[in-house]
Each structure stands twice: as structure tokens, then as C-alpha cells.
Amino acid sequence: MLDDARHVVTGRAPRKGGTLRHWGRGIAAAALVAAAGGAALVGAPVASASSSARHTSKATKSPKAVSNAVPAYALTIGDIFTWILPLDNQVGYENWDISAQREMWLPLYWAGNGSKTGINYTQSAAEPPVYSNHDKTVTIKLKTNLKWSTGAAVTSNDVKFYFQLVDAGKKKLGNYLPGLLPDDISSVTYPSSSTVVLHLNRSYNPTWFTGNQLTWIYPLPVQEWDRTSLTSPDGTAASTPAGAKQVLTFLFSQSKDEGTWSTNPIWKTVDGPFEISAYDQVTHTATFAANPHYTGPTKPRIAGFKLYSFTTGTAELDALRSGTLTFGYIPFGDLKEISYFKSHGYTIKPWATFYNQVIELDYSSKVWGPLVKQLYIRQALQHLITESLYIKRAFGGYALPDYGPVAIYPGSKYVSPGIKKDPYPFNPQLASKLLKAHGWVKGPGGVDVCKHPGTGPSECGKGIPKGKKLSFKFMYSTGTTAYFAAVSSFRTAAKSVGIDLALDGQTTTTMFSIGGVCPSTPPCNWGLIGYSSYMWTYGQYQTVPNGTSQWGKGNFWGGGYYTPKAQKLIDAVETSPGLKPLYAAENYLSKDLASLWWPLQDLRVVAVKKSLSGWQHLSPYGAFVPQTWYLKGS
């Protein structure tokens, strides 16, 4: 999924593989100082980002939990819980919605195991899947202890209901792409009340299929939800495709009706640890109560929890300071407040994620496409990005290096060893050399122009005429000082070698309308585009970062990037077993610079009341997991 504002989007152990270079003096460093207004980025690293802030908490004996506690959690600025149905529409396909949904309805396979990437089989609704018939058949055993809040057992019939709805209404769903689930399943059989057998249309990589397909599936309460109105009979309407479409339309209508969430009987049938008990349509505050009939793993130790939404960092910080929030965060522009909250009973911890951050290139543009299609130009641009410097000085240490389809998240098996090192380290001299070797010379104003057009090894490249300026419009999201500092540094380094980056700062909201989704949704009037938080999220719908959605053929978030070799490698991740195909795809995309790689800023610097425990293993997918929380007694 995308940056939360863009779509349709652990305290960490010491970093592994992503060694940071020492602070250097030069073009990039000077630009960062200037962009930040002087010495603020020159001194010692921010104290709150020191290694002491990143140590894993030591295990201690758990004090007695306060069972009637209702801790309050702050969503990130601008995030609003607006979709309750665990079949996400194309607007509600967001990670915070999914986090709330799966606290009420358990997915077949739960993404994220504490602060580790991958599947948490203990928390899942099914046992680990069994692959057979050359990985063309998947046998799934539901856990037999799971019950709906009505007392009925969760059965294979509830999974069948899921498929009936998805088969009939897949084009309405936010996570659907042609060829993926349910298209990759030829048929489904249900040998028993606890067994589901998927017959696939070909052999698939079990790692990919489990992490990127089976995680989509939720058992849904057929006896209560299989209806076309609140008063219609239930249990049989979805048995035909036409009927299933009507049922899905009805469920969508109920999910849109936020004012009835807390009273609608539809949403009272859950198999997860919580159910919704109140929702304020004005403030979008959602309250959840513990499900007293929950029979699954990790039973809640709190009476419920609240989700708060905020439109500004100031409002969130005020709520944290007043004690309204139990689990909040320090906005990156207010990190000076860390010492205050530490001295007032809060634990401070950075939240690193298994996400991806890039500067997207517009391969489809008639103006800039011919330029970015040249690998040597992409290499020159990447040689002007100094991730270690941005991390240390712009982001105050609160970021991870990102040199490929995913950032270097500590300990994840889904990060290839080959992308743990910068493939094109900061080197303006080498960037300049690459340009000169391909027919570029200094022109008016110090901007390079193409002197030797053509497709030869020492010429500018296909589609680049003589006299063409090496200039790009760089659209970026405003409002973040740290991000602007890094962008400005990049621009200064580019200027030093003859590349003009014309900065076009826009609010993120405005970027949706004027940036476009390229190449599918114009106008795409940019050569480079960057969003300040992250470009892509992984999690419940996608745990294996093979790059299908971002850089596969027909992509709509990769600017139209495509090479036959990239597509072959991406396809192999889906069909060839093991992790080697994933590593091969990651390595190729990294070195081919499908996008420009950029450091991934931490999701948040969280501030949590010391009375709350059980939250310390922060999800790599940015998910909140309140069923593990408890408030310590006095």
C-alpha cells in the first residue's frame, strides 16, 4: 500500500547491514546546513536518536494488569478510521483500517509477529498451510477452537462465503489486481467443516503465495452477513454470483454508514478480541470493547481501547500532554519535547517499519521520459543522493537506509543481502564523469546540454535531441522541514554536476490531483516526484516485497518502469520456490534503479505512558495490536 496520504497506504535493534558513513564536509553537507537554517544540522546527533534509545527492552516480570483499563491510541496525522468491513474498498484500503478490522475479525493468516516480519501462525485463524501437487494445491486447516461472538463455530463455510463475495465483486476491492487472488485459484473445495483446499491455476512459490495471497482471506460470519438487508433472511443469498453481488453491495452500504457502526448487529458478530462500541462521526474517535466471547489466542487484558484522529501535530501533542492519550507520538517537528515527556512518565521509542521510500521517475513522460530511461542518468542521479547524511542530519537518526524495493529492516529474511549496501554511493565526481562520457557538456547557466545525440555508447541516448537540457521538474510534498532539507541537499549536489532539479513544492493533497498516478492517470507533469513519509507499505496484504505492484508490467506507482528482465524476475518470485527468486528480483531492481532510492524515515517516535505495557514489540507493518497491551497496577 501507499503512503497513507497518497493511496488510493520496535524500537529497533542496532541496524544490520546498513552501516552509515561518517559526517562529511562538502556539497551535500553544506546544502543540508543551509536548508535547515544553519547549525541545527551540523552539531552532534540528536540525543533522542542515540543508540541508547534503540536498545530492546529487557524482559521483566509482568505486574498485575488493570482489567478495566481503556487505553487511548493516536493515529498518525490525517489518518481516520473510516472503513469497518474487512473487505476493503478502493478508498478504504489503508493500513490503519486493516489494523482495526483484524482486531474484530481474524484473518486466515496474520501478518507480523511482534517486531518481526512474516506470518504469526499463533495469531492466525488457521494452521500453517500445506502445499502439495507441485505447489498447485493448498490445504488449510482452520483452528477448531475459534467461535463467533454468537457462540457458533468458525467453519469452512465462513471461508466459502468470503470467496463467494470476492469472486462476485473483486473489481470493487482495493487490493484486487488482475491475475491475483481470486484469479489465481481455479477452484476451492471444502472437505470438512475445518478444511479448505485451494486448487491453484499453476504452481506458485509457497513463500509468496502464503505471504501475499493467503493473508487476504478472512473467514466471514455467513449466518449473520449473508443477507441483502438487515431484515432479510440470512445464510443463502450469496449462493449465486448475482446474489453475492447484492450481499456485497449491502455490506458496503453498511460499512459506509459510520453513524450506525456501534449499534448495527452486522458488526456485533466478531471472532476477534474486540468489537466496536462507539464511533463519533465528528471527531472520528472510535471506541472498542473487549469481546467477552473471544476464544482465540492472546486474549485481551484490557477492557477496550480508543482510536483518536488528529488533523495537526499540535493537536496530537496537546492531547498527549493532557493525558488524553496513553499511546501517542512526538511529531518530527517537535522532537525538542522528548525530554519533557521522558520526565513526565512516558517511554520514548522510535518505530521503524518494513516499508519502502523512493523518488519516483516518470518513464511515461514525453518531456522527461527519454532522460530517465537512460540507466547512466539514473546512476548519476543516485550518486548525488547521500542517504547516510540525510539520515544523520536531516532525519536526526530516525530513519533506515533504503537501497531497493524495501528498506533495510533489521533481521528480516525478506531483505536481500545484495541490497544492504548502497549500489551507487554518493560521488559527484563519478556522476559528472558518467554524463561527460555520454555526450553531455556544460551549457548556459551551468546546466548540461546534449552535444552528441544518438544511441551509441558515448552518446546521449534514444529520444534525446541535440541541445536538450539535463533538467527535471521535481515535485515534492511540503510541510516537513527534514524532508525539505534532504531534497535541497540533493538539488545542490545535482546542480554541481550540471543537472537542474526545478523544485515544485506542493501539499500532499494537491499532489494527488496534479501529480497523477503514472502512467495510468495523467497529468503526470513531473520528471521526479517524492512523498515525504513513505511510498509503499507492506503488511497484511503483502509481506513479500517482490515489486509486482510498484514495478511490474502495467504498474501504476512506478512511473511506467518496465524491462523484460525485471518482469521475468518479478514473475519468478511468484512461481519459483524459496527466497532466492526474491533476492534476485530485489538485487536487479536495486541496481537498475527502477526508482531513485531514498532513506525511509521512521513511522513515528512514539511516546507511551509507562503504565502501559505489552506494546514494546512494535509491528514492522505499522499496525497497532492492542490485544497485547495491559496497564500495570499500582
Side-chain angles (χ1 to χ4, degrees), residues 1 17 109 111 117-119 128-138 175-186 198-217 354-356 358 361 363 373 375 378 402-409 412-421 423 535-595 597:
M1 282 182 292
Y109 294 104
T117 57
I119 305 299
V130 176
Y131 289 79
S132 60
N133 187 28
H134 305 290
D135 298 329
K136 291 180 65 176
T137 303
V138 188
N175 59 333
Y176 172 72
L177 286 174
L180 299 183
L181 191 138
D183 298 350
D184 47 15
I185 299 174
S186 296
L198 309 182
H199 305 277
L200 311 183
N201 62 1
R202 62 171 299 166
S203 297
Y204 286 97
N205 178 359
T207 299
W208 175 83
F209 198 84
T210 301
N212 287 25
Q213 297 290 266
L214 296 184
T215 50
W216 297 14
I217 303 171
F354 186 76
Y355 289 175
N356 178 231
V358 305
L361 304 168
Y363 294 88
K373 286 178 181 177
L375 177 59
R378 302 199 300 274
D402 191 334
Y403 304 129
V406 71
I408 306 175
Y409 187 83
S412 176
K413 66 180 180 180
Y414 301 115
V415 180
S416 166
I419 66 170
K420 292 183 178 181
K421 183 179 180 181
M535 177 59 73
W536 196 261
T537 71
Y538 298 101
Q540 187 58 45
Y541 287 141
Q542 193 176 24
T543 65
V544 180
N546 63 318
T548 300
S549 301
Q550 281 184 276
W551 301 290
K553 189 173 184 179
N555 67 77
F556 49 93
W557 293 110
Y561 171 85
Y562 172 78
T563 73
K565 184 173 182 179
Q567 190 61 46
K568 183 178 180 180
L569 291 170
I570 288 170
D571 290 344
V573 180
E574 299 180 5
T575 58
S576 301
L579 290 172
K580 287 185 178 180
L582 173 64
Y583 294 167
E586 289 180 337
N587 293 346
Y588 178 81
L589 291 168
S590 173
K591 291 182 179 179
D592 198 50
L593 292 169
S595 298
W597 311 124

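Residue indices begin at 1 and follow the sequence shown.
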Side-chain ([X]) to main-chain ([Y]) donor-acceptor, under 3.5 angstrom:
X: N212; Y: V544; result: yes
X: S412; Y: I408; result: no
X: E574; Y: Y204; result: no
X: E586; Y: P581; result: no
X: T543; Y: A111; result: no
X: S590; Y: G404; result: no
X: Q550; Y: G558; result: no
X: N205; Y: V573; result: yes

Give me the ring orientation class for W551 and W597: parallel if the planes are under 30° apart, tilted from 30 to 60°, perpendicular past 60°.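 Rings of W551 and W597: perpendicular, over 60°.
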Kindly indicate whether a cation-pi arrangement holds for K373 with Y363, taking the cut-offs as under 6.0 Å to the six-membered ring centre and within 45° of the axis.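 No, K373 does not sit over the ring of Y363.
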Are any of the side-chain nitrogens in R378 or D592 under 4.0 Å away from the carboxylate oxygens of its partner?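 Looking at D592 together with R378, the answer is yes, because their closest N to O distance falls below 4.0 Å.
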Taking NE2 in H199 as the centre, count heavy atoms belonging to other residues, nucleotides or ligands within less than 6.0 Å. Is the count above 12?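 Enclosed: over 12 neighbouring heavy atoms sit under 6.0 Å from NE2 of H199.
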Using side-chain contact (heavy atoms from CB on, under 4.5 Å) as the criterion, point out the one residue from L180, V138, L200 that pairs with I185.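 With I185 as partner, side-chain contact (heavy atoms from CB on, under 4.5 Å) holds for just one option, L200.
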